[in-house]
Trainee: 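Pasting a structure below so you can have a look.
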Amino acid sequence: MAGKPINPTLKLVLEYGPLVAFFAGYLLLRDEVFLIGGSEYDGFIVVTAGFIPIMIASTLALWRLTGHISKMQVGTLVIVVLFGGLSVWFNDERFFKMKPTILYVLLGAALAVGLMRGQSYLKVMIDELMPLQDAGWMILTRRLCYFFFALAVTNELIWRTQSTDTWVYFKTFGLSLAMFAFFMTQARVFQAYALPDAEEDEG
């Protein structure tokens, strides 16, 4: 069922606002240390603690405004709350840095399971946005499956070998740009397997 219409600008703010808030908060507090309950927490942990309720609020707002929330959004929220919460609870930033790895592994695995069953789970998630023939969905799903696993490996390499600053920039800009670049490179698939519009069908 289609969701309720929502102002595109508001939708963009709700979807990317938490990420922008995390990035801005990190830049502001990354050199600070906070004494809370007798324990010291650096800026990264404090910003992560703030990011969780912001992410929850934005997701719930999208759900309330559109009447719809995708399985991907739900899964992302659960992983943010779980791994962000673990980072705050154990005062260990590694849990939150692992979050993209876990997310992309799960997404890649889900698509792989669908492919093994001869189905495109990607079609189920975004069919309304990009109507394609079934053959096109299978090609796109296979490529995106590999891409998700590649992103998971890249995230592991970056957070384990680079500074926190580098990882935050990668998480904020690198992952989004990589996803944008991926879909831009699939233009031929969209063109070759696009569904004919209703008028052509009738003709």
Side-chain angles (χ1 to χ4, degrees), residues 12 15-20 22-23 26 44 47-48 51-52 55 58-59 69-87 92-194:
L12 194 65
E15 288 181 340
Y16 291 96
L19 183 61
V20 173
F22 175 84
F23 180 71
Y26 174 75
F44 184 95
V47 172
T48 299
F51 176 72
I52 296 172
M55 186 71 178
S58 66
T59 303
I69 185 170
S70 70
K71 294 179 180 179
M72 184 178 295
Q73 287 172 312
V74 173
T76 299
L77 180 61
V78 169
I79 292 174
V80 165
V81 173
L82 176 60
F83 284 87
L86 288 173
S87 277
D92 188 340
E93 64 185 29
R94 292 176 297 178
F95 289 103
F96 194 66
K97 289 180 177 179
M98 290 170 57
K99 177 189 71 67
T101 301
I102 302 300
L103 175 62
Y104 289 123
V105 166
L106 290 176
L107 289 173
L111 295 184
V113 169
L115 289 170
M116 288 188 291
R117 299 179 63 183
Q119 300 176 4
S120 171
Y121 291 165
L122 181 65
K123 177 182 178 180
V124 177
M125 292 187 286
I126 60 175
D127 184 37
E128 294 180 359
L129 298 178
M130 298 182 297
L132 293 174
Q133 300 173 35
D134 287 343
W137 277 118
M138 294 301 289
I139 292 172
L140 189 61
T141 299
R142 188 176 299 108
R143 292 178 181 178
L144 191 58
C145 175
Y146 296 146
F147 182 66
F148 280 148
F149 286 131
L151 287 182
V153 172
T154 302
N155 183 69
E156 282 296 295
L157 290 174
I158 289 180
W159 84 258
R160 291 179 183 276
T161 64
Q162 304 299 314
S163 67
T164 296
D165 278 4
T166 299
W167 180 82
V168 169
Y169 278 95
F170 168 73
K171 178 183 182 297
T172 305
F173 302 107
L175 291 176
S176 298
L177 290 175
M179 191 64 67
F180 175 77
F182 171 83
F183 281 103
M184 288 296 292
T185 60
Q186 304 309 306
R188 290 186 178 180
V189 175
F190 299 139
Q191 293 172 356
Y193 295 95

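Because the structure is predicted, anything quoted here is derived from the model rather than measured.
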Trainee: Strictly distance-based, threshold 3.5 Å: is any side-chain N or O of S176 a donor or acceptor partner for the main-chain N or O of F173?
Mentor: no
Trainee: Please state whether the rings of F148 and Y104 are parallel, tilted or perpendicular, taking 30° and 60° as the class boundaries.
Mentor: parallel
Trainee: Could you tell me whether a side-chain N or O of W137 sits under 3.5 Å from a main-chain N or O of L132, the two making a donor and an acceptor?
Mentor: yes
Trainee: Evaluate the side-chain proximity of L103 to L107: yes if any heavy-atom separation is below 4.5 Å, no if none is.
Mentor: yes
Trainee: Using side-chain contact (heavy atoms from CB on, under 4.5 Å), reason through Q186 and I139 one step at a time and then give a plain yes or no.
Mentor: CA-CA 10 Å; Q186 304 309 306; I139 292 172; 5.5 Å; no
Trainee: Identify the two heavy atoms, one from A178 and one from L151, that lie closest to each other, and give their separation to 0.1 Å.
Mentor: CB-CD2, 4.1 Å
Trainee: I would like to know whether F22 and F44 meet side-chain contact (heavy atoms from CB on, under 4.5 Å); could you show each step before the answer?
Mentor: CA-CA 9 Å; F22 175 84; F44 184 95; 4.0 Å; yes
Trainee: Would you compute the distance between atom CZ of F170 and atom OG1 of T154 and round it to the nearest 0.5 angstrom?
Mentor: 5.5 Å
Trainee: To the nearest 0.5 Å, what is the distance between CZ (F147) and CE (M179)?
Mentor: 5.0 Å
Trainee: Looking only at non-hydrogen atoms, find the nearest pair between I52 and V80 and report the distance.
Mentor: CG1-O, 4.2 Å
Trainee: Looking at T172 and Y169, would you say the former's side chain and the latter's main chain have a donor-acceptor pair under 3.5 Å?
Mentor: no
Trainee: Given the rule in the side-chain contact (heavy atoms from CB on, under 4.5 Å) test, do T48 and F83 qualify, once you have shown the distances and angles that lead to the verdict?
Mentor: CA-CA 10 Å; T48 299; F83 284 87; over 6 Å; no
Trainee: Specify the closest pair of heavy atoms between A135 and Y193, including all atoms of both residues, with the distance to one decimal.
Mentor: CB-CE2, 3.7 Å
Trainee: Indicate yes or no: at least one non-hydrogen side-chain atom of Y121 is less than 4.5 angstrom from one of T141.
Mentor: no
Trainee: Main chain of F96, side chain of S87: is a donor-acceptor contact present, judged purely on distance under 3.5 Å?
Mentor: yes
Trainee: Taking all non-hydrogen atoms of both residues into account, name the closest pair between L175 and P100 and its distance.
Mentor: CD1-CB, 4.1 Å
Trainee: Mind checking salt bridge (charged side-chain N to carboxylate O under 4.0 Å, His left out) for R94 and listing every partner two or more places apart, or none if nothing turns up?
Mentor: D92
Trainee: Among L86, I79, N155, which residue meets the side chain to side chain contact (heavy atoms under 4.5 Å, CB included) test with K99?
Mentor: I79
Trainee: Could you list the residues that satisfy salt bridge (charged side-chain N to carboxylate O under 4.0 Å, His left out) with K97, not counting sequence neighbours?
Mentor: E93
Trainee: Could you tell me which residues satisfy salt bridge (charged side-chain N to carboxylate O under 4.0 Å, His left out) with R143, sequence neighbours excluded, listed by chain and number?
Mentor: none
Trainee: What's the spacing between L106 CG and L111 CG if we round to 0.5 Å?
Mentor: 11.0 Å
Trainee: Any non-hydrogen side-chain atom of L115 less than 4.5 Å from a side-chain atom of R142?
Mentor: yes
Trainee: For atom OH of Y16, decide whether the heavy atoms of other residues, nucleotides or ligands shown that lie under 6.0 angstrom number more than 12.
Mentor: no
Trainee: Have E156 and W159 got a donor and an acceptor in their side chains that come within less than 3.5 Å?
Mentor: yes
Trainee: Tell me whether the rings of F183 and F190 are parallel (<30°), tilted (30 to 60°) or perpendicular (>60°).
Mentor: parallel
Trainee: For the pair M55 and T76, evaluate side-chain contact (heavy atoms from CB on, under 4.5 Å) and give the outcome as yes or no after the intermediate values.
Mentor: CA-CA 10 Å; M55 186 71 178; T76 299; 3.9 Å; yes
